[in-house]
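See structure below.
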Amino acid sequence: MKTETYEQLKNLHDNYGPQEFGKLCQKFLAVAFQMAGYSHIVERGVQGVDVDAAGKKGEKYAVEVKTTVTKSVNFEQKDVDGLQKRKEDGYQPVLAVLRLDRFSDWIFAKSDTIKSGSLYIDSLRVYRLRELEGRICLLFDKAVKEHFGGTMREAQRYLDKVLRQKGIEVYRH
Amino acid sequence: MRDKANEKELKEDQLNEIGVLGIANEVKEQLQEFASEVGLGIAELQVPEQWKELQQFQKVANEEIKRLRSEMPSVKEQEGLFKSRTQFTQLKTEYERKKSESRSTETELKKFIEENGTGDLLNQAKSEMEKQISEKEKEMNEANAKATAVSKAMDYLRLEGVDKDICPVCSKETTDLLVHLEKEWEEKYKEQVGRIQEQIDELRSRLKDIESLLNQCKKLRERDGIVKEEIKEVNKKIGEALGREITEKDDPLVLLNNQLDRVEKGLNKLEQAVESKQKTLNGIANLLEQIQLIVNILNLEEKKRIVEQIQQSPEYLRIEELKDQMAILIDDVEKIKQAISEASHKEAQQKVFSAGEVIDNYFRRIANNPSVNKIGFLVSVDSKTTRNSYEFKDQNGEDLTPILSQGDLNAMALSVFLGMACLKGATQQFGFIMLDDPSQSLGSEHKERLVAVLDEVLNERMVILSSMDKELQDLVLSKITKAKTKYIFADWTPETGPEVKKE
């Protein structure tokens, strides 16, 4: 993650708090998938897996998004169940974790065999999808840079507008 | 930091090297112009070619602003006037104080004279009083001389054997002379001397009052003289400050007030001029603050670039790779641990299954507890330690541990150990077993039955047993049917260990 991205995310975190920050990151991630050329993207602010992204070559990812400022995340059973359900529909289940830290970046981990519980972020390195990380992380920086101002002003409302404009399906409460 | 830049009215396109150097040049020009305007010289200000070298420029410019603030002529003049105002105000206060003191002394003196008269009059009264006292004292002496003579005559006539009718002074005979003298003494001399003495006392008291008044008068005059001298001194100082002589015809207070008015007018005029100059310098100082802010922003940007370079460096990427590999290693180790735990669990279950009957047999023989007819084992995995955990149940499936005595528990431990040790096959690699002090908490009967079991174990394994228990030693020597050797460990020292003797 670029230092500029880190600073902008930190501002959002400080301004909106950890819960809202998680939702914002999820939406930025959906934008990044769109930028990466994924054709069918779904972003859910409701129950279920956070982001679905399907590529033209047939690759399909179901992404559960977790953000934290600590060294671990809580992967709940409902997350495991949600991802398992998407796997049955042909999606690769992915646990995407972002630690808000100057030297951190997204970790995309294949979550097929990951059990629920408190997970030490570094332990997810075993399941990393490096190629997907390589494609998405830089675009995530770009997405944050492009939409930081609007997000600071209007938070989720702004990003939902952006997502809809980009043809991403958005489900909200 | 960019928010601060906005507050300082900096535009986004100024937050770079060109912008900051442009502001530095502006500072240089404005400072030179200002110095020339106030007629002062200025240190050479060199605007560097790179923002990173601006520190020296900022330092010099800040020092120059500070210097110009204090050295510009209007400020110097202002300082002089401030000093004069302080001096004149102090002189005015001092003069007024002394004048007030003088007026107060004069009033007091006047009141004194009104009430008590002048010093001359008081001196005259004093002389008069002294004269009267002197006359009275003379009268007193005369009266005293007669009184003394009468008194002495009375004393003489009171003596025994003296003719009471003959006068001791003139030898004239007078009937009842002593009675006559005593009567005269009472009626004439005593009253006369007392009266004169009272008059003298009265006169002395009045003299004392007059002397006291004279003293007061003297002090008041002295004080009046001192204050007048002090006023002369203050006038001299005022004259020096005003640059002219102060004569009796002058009113120093008015002269001082006039001078203070002039100073005040001068200060008011200067204040506006100084304020305007300081405002110009504030503007330049503000530009320097802008420079510092942009330098801070550029420094931060530089640091960010360095951090990003580090993140892109082969070393950092290699560390990331190593972290991944380390995570895989940790995961592998965890998996191995899990596999070992599972294998260990299976092996333990197998052993318990194989040795279960033997252990049950040994326990019931050693413990001989009538309430336990059969013992069973369960092997589970401790969720915290992932190690094997053993549970002992009785014939009804109840947990045995809480109901067994210490001796029975020891019997249980010995049974498990001996039962497992005697297992045949590859799970037991050694041809011997070692028992260290096995008779703890065991009663005599327990020990006897243990020895019987050991005799049976000896069919499968060699037994090495150490014990200080004499009873157990005797039982082993007398009841074990197999060949045995006894070693005695004695005279143990920390340096050499025990001395081992074969018996």
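We name chains A, B, ... by the order of the sequence lines, and we start the count at 1 in each one.
- Between Asp122(A) and Lys323(B) there is no salt bridge, since no side-chain N of the basic residue sits under 4.0 Å from a carboxylate O of the acidic one.
- One distance of note links OG of Ser104(A) with CD of Gln311(B); it measures 9.0 Å at 0.5 Å rounding.
- Here Arg102(A) does not pair with Glu308(B) in a salt bridge; the nearest charged N to carboxylate O distance is not below 4.0 Å.
- Taking OG1 from Thr3(A) and CZ from Arg305(B), the interatomic distance works out to 9.5 Å, rounded to the nearest 0.5 Å.
- For the pair Arg130(A) and Asp324(B), the minimum side-chain heavy-atom distance is below 4.5 Å.
- The local environment of CD in Glu20(A) is crowded, with over 12 non-hydrogen atoms from other residues, nucleotides or ligands closer than 6.0 Å.
- Counting heavy atoms of neighbouring residues, nucleotides and ligands inside a 6.0 Å radius, atom NZ of Lys110(A) does not exceed 12 of them.
- Note that the NZ atom of Lys304(B) and the OH atom of Tyr6(A) stand 11.5 Å from one another [nearest 0.5 Å].
- Other residues, nucleotides and ligands contribute only 12 or fewer heavy atoms inside 6.0 Å of the CD atom of Glu131(A).
- Proximity to chain A (any heavy atom under 4.5 Å) is shown, for Glu301(B), by neither the backbone nor the side chain.
- Annotation for Glu33(B): atom CD does not count as buried by contact number, only 12 or fewer foreign heavy atoms lying within 6.0 Å.
- Between Arg125(A) and Asp331(B), none of the side-chain N atoms (NZ, or NE/NH1/NH2) sits under 4.0 Å from a carboxylate O, so this pair counts as no salt bridge.
- Within 6.0 Å of atom NZ in Lys161(A), more than 12 heavy atoms from other residues, nucleotides or ligands are found, so the atom counts as buried in its surroundings.
- Contact between Tyr316(B) and Phe103(A) at its shortest, heavy atoms only, is OH-O, 3.2 Å.
- Both the backbone and the side chain of Ile328(B) have a heavy atom closer than 4.5 Å to some heavy atom of chain A.
- Heavy atoms from other residues, nucleotides or ligands lying under 6.0 Å from NZ of Lys10(A) number 12 at most.
- Atom CD of Gln32(B) sits in a crowded spot, with more than 12 heavy atoms from other residues, nucleotides or ligands closer than 6.0 Å.
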